[in-house]
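Okay, so here's the structure we're looking at.
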Protein chains: 2
Amino acid sequence: MRDIKLSESQPKQRLLAAAEQLFAEKGFESVAVRDVTQLAKANVAAVNYHFGSRDRLVALVVARYLAPFNQERLDRLDVLERRAPSKVVPIEEIIHALIRPLVGMVGKTELSEALFCKLLGRILALPEEALSAEVVEQMKVSNNRFMRAIGKVLPTVPQEDLQWRMHFLVGSLVHLLTHQDWLRSLSNGTSGSPALEVMLGRFVRFAAAGLREGVEIEVSAPTGPQALFDF
Amino acid sequence: MRDIKLSESQPKQRLLAAAEQLFAEKGFESVAVRDVTQLAKANVAAVNYHFGSRDRLVALVVARYLAPFNQERLDRLDVLERRAPSKVVPIEEIIHALIRPLVGMVGKTELSEALFCKLLGRILALPEEALSAEVVEQMKVSNNRFMRAIGKVLPTVPQEDLQWRMHFLVGSLVHLLTHQDWLRSLSNGTSGSPALEVMLGRFVRFAAAGLREGVEIEVSAPTGPQALFDF
DNA sequence: GTTAATTTAAAACATGCGTTTGACATTAAT
DNA sequence: ATTAATGTCAAACGCATGTTTTAAATTAAC
């Protein structure tokens, strides 16, 4: 063998690319093997030959993006905590660590920005049963570390509340990623390209406000309790 | 005929109940006609005989709950705006109008509280294409009215931002409804039953904080009025 | 009680699915 | 050039799906 196998590389990668595009557009459940092979201009048997089975193909796509995503999340949290070992990190920074790995990954894909967002959104929305045991473990580790980090930044709000608020946050995130096209048109009224950046910026502000609800940081605030509406 | 048709009522309603339960548990797409008829102890043909087709069955279930839900949403917004015609209504109240119709509906169903939440969450997460034209129109009307109401309450934040924040809100809501069981166990540590109430309370605070991000209302307000919440 | 309409039941139908097969073509190694 | 491994293809398999059919059973009306 002189080089990397050429014969194998072409159709397999075409299949993978086609699968990712279709999964992003229609969701994992709504894509038939024949849809993939047709878009990739390959034979029906190609998926099973190259990937073993349909399930192993989706598992591959999932792990391919979820693993690096979680890894960079943790890396960013690392540098955040290393940079301010004892100081308090703004929640905004933590949320950035949670979602900005996305923008680094869109650059490495053949998929369009919007499509990749959809794909990742669909991945994050998968039920546990659809994920491999290792990926589930990765997710739990990541979630735990971020929960602790946020608990450190917002010590006054009970752990239980924080868990719920994080729950709301991921809900917003999944919805944002999978349905971002609904509102995309509004954001590119102004020139530039960074529609994604603007979107994420809005999300970070929304989520940060929600997470720190009831905590008085807002510079002013001379008076005390301000429990607003607790009926 | 002496009374209401007895012969028709029994299996048809058993089918409907079975369908709702399965749709809630596994989602509309993952439930086969045979699952429904088996749980309802009816024949396979029963669904097509009583409802015309599988699609018409899910359309019935959807419209059955989505229409009243939207209606009560609008009704509650009506009383809110009628009670304070010119004054400013707290966003918390608007969000309540947006989600509390849920608790009134759980009482009227045979489904458990958790299951009904899942069902409604799945309904709210359906793509437009899966909904009838009228239901889509209802949703748009409702969304528009709430957008305008919130715009009135938060005049300082640009309309575009509000649309995004509402987008985040419904994402949180859908995720809350469909995955509330993940965190339910935490909330009933204390006696009582109002797990739903507690959950919605947390959600309202989170969403309200997110919606009014960047707006300084927090009591302090050096100058006069101070009459913001005095109904 | 007879007749007509309505409801149930078993079986089969048509279609789409993931997967497997086995023959054929292509490529790499001796 | 021969052989062995690898990749491709059309066809078919087995199964689950939604739906239809046909006949029997049940119910209502006269």
Side-chain angles (χ1 to χ4, degrees), chain A residues 1-63 122 126-127 129-132, chain B residues 1-63 122 126-127 129-132:
Chain A
M1 61 182 89
R2 306 180 323 227
D3 213 342
I4 290 183
K5 288 189 185 179
L6 253 94
S7 51
E8 178 189 332
S9 62
Q10 265 186 359
K12 187 169 182 177
Q13 284 188 301
R14 273 215 320 276
L15 286 169
L16 223 169
E20 289 178 357
Q21 175 183 333
L22 291 174
F23 288 158
E25 287 174 354
K26 317 200 302 176
F28 293 102
E29 311 249 295
S30 309
V31 175
V33 170
R34 283 169 171 83
D35 297 334
V36 177
T37 55
Q38 182 175 341
L39 180 60
K41 285 197 264 282
N43 188 270
V44 214
V47 161
N48 286 274
Y49 177 78
H50 286 288
F51 302 97
S53 72
R54 182 192 186 279
D55 282 345
R56 310 233 304 135
L57 171 58
V58 342
L60 179 68
V61 172
V62 169
R122 304 205 122 110
L126 283 176
E129 315 93 62
L131 270 50
S132 71
Chain B
M1 64 181 86
R2 304 182 322 230
D3 212 343
I4 290 182
K5 288 189 186 179
L6 252 97
S7 51
E8 179 189 331
S9 62
Q10 263 187 1
K12 187 169 182 178
Q13 282 187 302
R14 272 215 320 276
L15 285 169
L16 223 169
E20 289 177 358
Q21 174 184 334
L22 291 174
F23 288 158
E25 288 173 356
K26 316 200 301 177
F28 293 101
E29 312 248 293
S30 309
V31 174
V33 170
R34 283 169 172 82
D35 297 334
V36 177
T37 56
Q38 182 175 344
L39 180 58
K41 284 194 265 281
N43 189 271
V44 212
V47 161
N48 286 273
Y49 176 78
H50 286 287
F51 301 98
S53 72
R54 182 193 185 279
D55 282 346
R56 312 233 302 136
L57 172 58
V58 342
L60 179 68
V61 172
V62 169
R122 303 204 124 110
L126 283 176
E129 315 93 61
L131 270 48
S132 72

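Treat the numbers as computed from the prediction; the structure is a model and nothing was measured. To find a chain, count down the sequence lines: A is the first, B the second, and so on, and within it residues start at 1.
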* Give B:A45 one of three labels, base, sugar-phosphate or nothing, depending on what nucleic acid heavy atoms sit under 4.0 Å from its own. => base
* Asked: Where the side chain of B:A32 is concerned, which of C:dT19, D:dT17, C:dG18 is the nearest nucleotide?
  -> D:dT17
* Asked: Taking the nucleotide of DNA chain C with the closest heavy atom to each, which residue, B:A46 or A:Y49, is nearer the 5' end?
  -> B:A46
* Answer yes or no on whether B:K12 is positioned over the face of B:F51, meaning its NZ or CZ is under 6.0 Å from the six-membered ring centre and within 45° of the axis. => yes
* Given C:dT19, is OP1 or OP2 found less than 4.0 Å from the side-chain N or O atoms of A:N48? -> yes
* For B:L57 and D:dG18, give me the distance from atom CG to atom C1', rounded to whole Å. => 12 Å
* Give a yes/no on whether any side-chain N or O of A:H50 is located under 4.0 angstrom from OP1 or OP2 of D:dT6. => no
* **Rounded interatomic separation in angstrom, taking CZ from A:R56 and P from C:dT20** => 12 Å
* Asked: Whole Å only: how far is the CD atom of B:Q38 from the P atom of C:dA9?
  -> 14 Å
* Nucleotide D:dT8, atom P - distance to CZ of A:R14 in whole Å -> 8 Å
* Kindly indicate whether the side chain of A:L15, heavy atoms from C-beta on, has any atom under 4.5 Å from the side chain of A:L57. => no
* Asked: Of the non-hydrogen atoms in B:K41 and B:R14, which two are nearest, and what is the gap between them?
  -> O-NH2, 3.6 Å
* Asked: How is A:V31 classified with respect to the nucleic acid when contacts are heavy atoms under 4.0 Å: base, sugar-phosphate, or nothing?
  -> sugar-phosphate
* Check: A:D35 side chain, A:A32 main-chain N or O, donor-acceptor pair, under 3.5 Å -> yes
* To do: To the nearest Å, give me how far apart CZ (B:R54) and P (C:dA14) are.
  => 22 Å
* To do: Starting from the 5' end of DNA chain D, give me the residue, A:R34 or A:N43, whose nearest nucleotide shows up first.
  => A:N43
* Structure fact -> Here the distance between atom C1' of D:dT8 and atom NZ of A:K41, to the nearest Å, is 17 Å
* Whole angstrom value for the distance that separates P of D:dA16 from NZ of B:K26 -> 13 Å
* To do: Report yes if the side chains of A:R122 and A:F23 come closer than 4.5 Å at any heavy-atom pair, otherwise no.
  => no
* How close or far is atom P of C:dT19 from atom CG of A:D55, stated in whole angstroms? -> 6 Å
